[in-house]
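For reference, the structure discussed in these notes is given below.
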Protein chains: 2
Amino acid sequence: MSERRSRRGRRPGVSGTRDAILAAARTCFTERGYDRASMRQIAAFAGVDPALIHHYFGRKERLFLATMRMPDLDTALGQVLAPPEGLDPGQIGEGLVRAVARLWADPELPRTLAGLVRTAATNEQGAAMLREFLGHAVLGRLATAVPSEDADLRAALVGSQIFGLLVARVVLKLEPLASMPGEDLARSVGPTLQRYLTGDIGTGTGG
Amino acid sequence: MSERRSRRGRRPGVSGTRDAILAAARTCFTERGYDRASMRQIAAFAGVDPALIHHYFGRKERLFLATMRMPDLDTALGQVLAPPEGLDPGQIGEGLVRAVARLWADPELPRTLAGLVRTAATNEQGAAMLREFLGHAVLGRLATAVPSEDADLRAALVGSQIFGLLVARVVLKLEPLASMPGEDLARSVGPTLQRYLTGDIGTGTGG
DNA sequence: CATACAATTCATCTAACGATGAATTGCCTC
DNA sequence: GAGGCAATTCATCGTTAGATGAATTGTATG
């Protein structure tokens with residue numbers, strides 16, 4: 001019986017530790033937000049010593065950045081939002097509706113975004129990240145797709161409506177929104193988005 | 001020179017401590033959310049010993065409840081939303097627009113609500129509170145004001161739009177929404193609310 | 001084989017948090 | 001003025017967090 005008292009030191013074979021940490025961190029950050037997700041918890045979730053996280057990523061903030069920089073979110077939203085460029089502006093609203101429906105269809109993305117919301121709500125840096133993310137990855141595409149003088153405002157209005165639905169559904173679980181099929185929801189909200197994009201929003205443009 | 005080494009014991013005069021704690025707690029909870037607002041910080045803010053909070057309110061959770069039960073929020077929103085009963089349904093949208101404009105005009109209310117949002121995002125109990133608050137105090141009034149088969153859904157849609165704007169403006173500070181005058185915003189959003197309340201939202205009712 | 005480096009664990013530090021109980025002081029009533 | 005209660009502070013407990021440095025073990029390189 002070889003007593004293996006001290007299991008210290010490097011393990012044989014390849015070490016997927018880094019990726020395990022990233023995966024665990026994304027799960028924890030997503031589910032609990034930046035503050036409530038602890039390094040120790042993440043380490044436990046990854047089956048790893050807490051010190052290893054510092055070894056790989058340094059401070060918690062760096063881990064968070066590394067986690068959220070993972071391309072998944074951007075590419076996922078990129079697919080969902082499709083390439084709006086070159087589309088007939090009059091049909092973008094409908095395209096957005098379908099995009100939103102797809103957004104709700106995938107249970108993973110809303111949870112990830114909800115985690116971002118949780119983080120953004122408490123963490124100023126998280127708020128900055130979400131702001132930048134929405135600004136560039138989402139609203140920027142819309143603004144260029146529907147060029148106008150107040151494109152920024154239009155995109156922001158669209159974002160606020162989708163965002164409000166997201167929070168109401170995923171974070172607050174406010175009925176009847178929470179358990180409503182995505183397509184129905186998209187049908188209700190579609191005209192709103194279309195108007196925000198190409199309609200009269202009281203600024204003298206559009207209509 | 002009487003050395004007053006020990007400043008222990010009751011202070012002379014009346015003690016506005018309880019109210020001071022409540023005020024400080026509201027500020028802290030509002031600005032930082034339930035988790036990040038610490039008892040010690042609240043006590044320091046109120047110029048008071050941390051143990052006094054426990055003396056008056058017990059656990060942190062009780063303090064939070066006491067803070068958020070303060071009637072300000074309910075009455076403020078009651079005034080803002082005016083009594084929608086007896087109004088011509090066709091004009092409720094406009095009334096809501098004005099209400100929303102007033103909502104943004106007062107800098108206090110959005111900050112309070114933002115605090116609730118911060119709490120609701122991380123704290124399950126906070127989410128429940130906000131859910132209930134929105135459900136009863138806000139959406140309930142709307143639903144009864146515009147009776148229809150899908151009144152709940154209509155009210156929830158209205159809520160999601162206003163809510164999205166609130167978060168975008170106050171929490172995320174997303175431009176150009178954040179620095180937009182309330183009236184302009186209300187003008188942009190008014191038709192959306194009107195349609196949600198009395199228009200065709202794809203459920204077979206309204207139009 | 002020796003050396004360097006990466007991976008891993010252990011033990012520990014410091015700071016902050018919520019909470020509690022005892023001690024002290026003022027106010028009010030009898 | 002004696003008791004009782006409310007208000008206040010102090011000291012402290014137990015927990016948890018993030019962070020660090022040393023020690024140990026594997027892998028690669030010369």
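So that the names make sense, note that chain A is the first sequence line, chain B the second, and so on, each numbered from 1.
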Rounding to a whole Å, what distance do you find between [X]:[atom1] and [N]:[atom2]?
X: B:Leu52; N: C:dG18; atom1: CG; atom2: C1'; answer: 15 Å
X: A:His55; N: D:dT24; atom1: NE2; atom2: P; answer: 18 Å
X: B:Asp49; N: D:dT8; atom1: CG; atom2: P; answer: 10 Å
X: A:Ile53; N: C:dT8; atom1: CD1; atom2: P; answer: 12 Å

Tell me yes or no: between the side chains of B:Thr27 and B:Glu31, is some donor less than 3.5 Å from an acceptor? no

Quick one: CG on A:Leu63 to CZ on A:Arg26, what's the gap to the nearest 0.5 Å? 12.5 Å

Can you list, in residue-number order, the parts of residues 14-21 of chain B that come under 4.0 Å of DNA chain C, counting heavy atoms only? none

Applied to residues 51-61 of chain A, the side-chain hydrogen bond (donor to acceptor under 3.5 Å, both in side chains) test, sequence neighbours excluded, yields none

What are the atom names and distances for every N/O pair under 3.5 Å that joins the protein to nucleotides 12-19 of chain D?
| residue | atom | partner | partner atom | Å |
| --- | --- | --- | --- | --- |
| D:dA17 | N7 | A:Arg40 | NH1 | 3.3 |
| D:dG18 | OP1 | A:Met39 | N | 3.4 |
| D:dG18 | OP1 | A:Lys60 | NZ | 2.9 |
| D:dG18 | OP2 | A:Met39 | N | 2.8 |
| D:dG18 | N7 | A:Arg40 | NH1 | 2.2 |
| D:dG18 | O6 | A:Arg40 | NH1 | 3.4 |
| D:dG18 | O6 | A:Arg40 | NH2 | 3.1 |
| D:dA19 | OP1 | A:Arg59 | NH1 | 3.2 |
| D:dA19 | OP2 | A:His54 | NE2 | 3.1 |
| D:dA19 | OP2 | A:Lys60 | N | 3.1 |

If you count heavy atoms of other groups shown closer than 6.0 angstrom to CZ of A:Arg62, is the number above 12? no

With sequence neighbours left out, write down each residue that passes salt bridge (Lys or Arg N to Asp or Glu O under 4.0 Å) with B:Arg36, or none if nothing qualifies. A:Asp35

Phosphate OP1/OP2 of D:dT8 contacted by B:Tyr56 side-chain N/O (<4.0 Å): yes

Distances under 3.5 Å between nitrogen or oxygen atoms of protein and nucleotides 27-30 of chain C:
| residue | atom | partner | partner atom | Å |
| --- | --- | --- | --- | --- |
| C:dC27 | OP1 | B:Gly13 | N | 2.9 |

Do any side-chain atoms of residues 170-178 of chain B form donor-acceptor pairs under 3.5 angstrom with protein atoms, and if so which ones, sequence neighbours left out?
| residue | atom | partner | partner atom | Å |
| --- | --- | --- | --- | --- |
| B:Glu175 | OE1 | B:Ser179 | N | 3.4 |
| B:Glu175 | OE1 | B:Ser179 | OG | 2.7 |
| B:Glu175 | OE2 | B:Ser179 | OG | 3.4 |

